[in-house]
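For reference, the structure is listed below as structure tokens.
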Amino acid sequence: QVQLVESGGGLVQAGGSLRLSCAASGRTFSNYAMGWFRQAPGKEREFVAAISGPGGITYYSDSVKGRFTISRDNAKNTLALQMSALKAEDTAEYYCAAGRNIVARTTASAYVDWGQGTQVTVSS
């Protein structure tokens, strides 16, 4: 089991930037893929970005591609999501999640451990 703690959420104006972090403990960090998901009020949880265990493969949803960057530091057991050109529709609770193995996937069912979430609010 992996324990995940997100941080970095907050209130930002549209067009601004924010960096989310996720600290992991438990299993060997480089042995599993990591993902970011988000859930807005009244909506289903949706995929944002994913990165493979070694960090060489990344995936993004179409809605964030070109604006968000996922990265990981396997020496520090941390995951990050750099968000720029934020829009009001990016407002949501953001969750980091740990996968079963090193393969990055875009579906929530592929992830077995979840953080508690961090709120991102973008004002227009």
Task: Non-neighbouring partners of Y111 that pass ring-ring contact (aromatic ring centres under 6.0 Å, His included), sequence neighbours left out - done: F37
Task: Test: R72 cationic atom under 6.0 Å from F29 six-membered ring centre, within 45° of axis - done: yes
- [ ] Report yes if the side chains of W36 and F47 come closer than 4.5 Å at any heavy-atom pair, otherwise no.
- [x] no
Open item on the list: Using every non-hydrogen atom in the two residues, find where Q39 and A92 come nearest and quote the distance to one decimal.
Closed with: O-CB, 3.5 Å
Open item on the list: With salt bridge (Lys or Arg N to Asp or Glu O under 4.0 Å) as the criterion, how do K65 and D62 come out once you've worked through the C-alpha distance, each side chain's angles and the decisive distance to 0.1 Å?
Closed with: CA-CA 5 Å; K65 195 173 298 181; D62 288 343; 3.4 Å; yes
- [ ] For residues S17 and Q82, report the shortest heavy-atom separation together with the two atoms involved.
- [x] CB-NE2, 4.1 Å
- [ ] Check the pair V122 / K87 against side-chain contact (heavy atoms from CB on, under 4.5 Å), numbers first and verdict last.
- [x] CA-CA 6 Å; V122 183; K87 306 175 182 179; 5.6 Å; no
Task: NZ or CZ of R38 within 45° of Y95 ring axis and under 6.0 Å - done: no
- [ ] Please name the pair of heavy atoms, one in N101 and one in R27, separated by the smallest distance, quoted to 0.1 Å.
- [x] N-NH2, 4.4 Å
Task: Atom pair OG1/CZ of T69 and R67 - distance to nearest 0.5 Å - done: 11.0 Å
Open item on the list: Between I51 and I57, is there a side-chain heavy-atom distance shorter than 4.5 Å?
Closed with: no
Task: Expected output: side-chain E6 to main-chain C96 donor-acceptor under 3.5 Å - done: yes
Task: T106 and Y60: CA distance, side-chain angles, deciding distance, side-chain contact (heavy atoms from CB on, under 4.5 Å) verdict - done: CA-CA 8 Å; T106 62; Y60 297 93; over 6 Å; no
TODO: Can you measure from CG (L81) to OG (S21) and round to the nearest 0.5 angstrom?
DONE: 9.5 Å
Open item on the list: Would you say that more than 12 heavy atoms from the other residues, nucleotides or ligands in this model lie under 6.0 Å from the CD of E44, or not?
Closed with: no
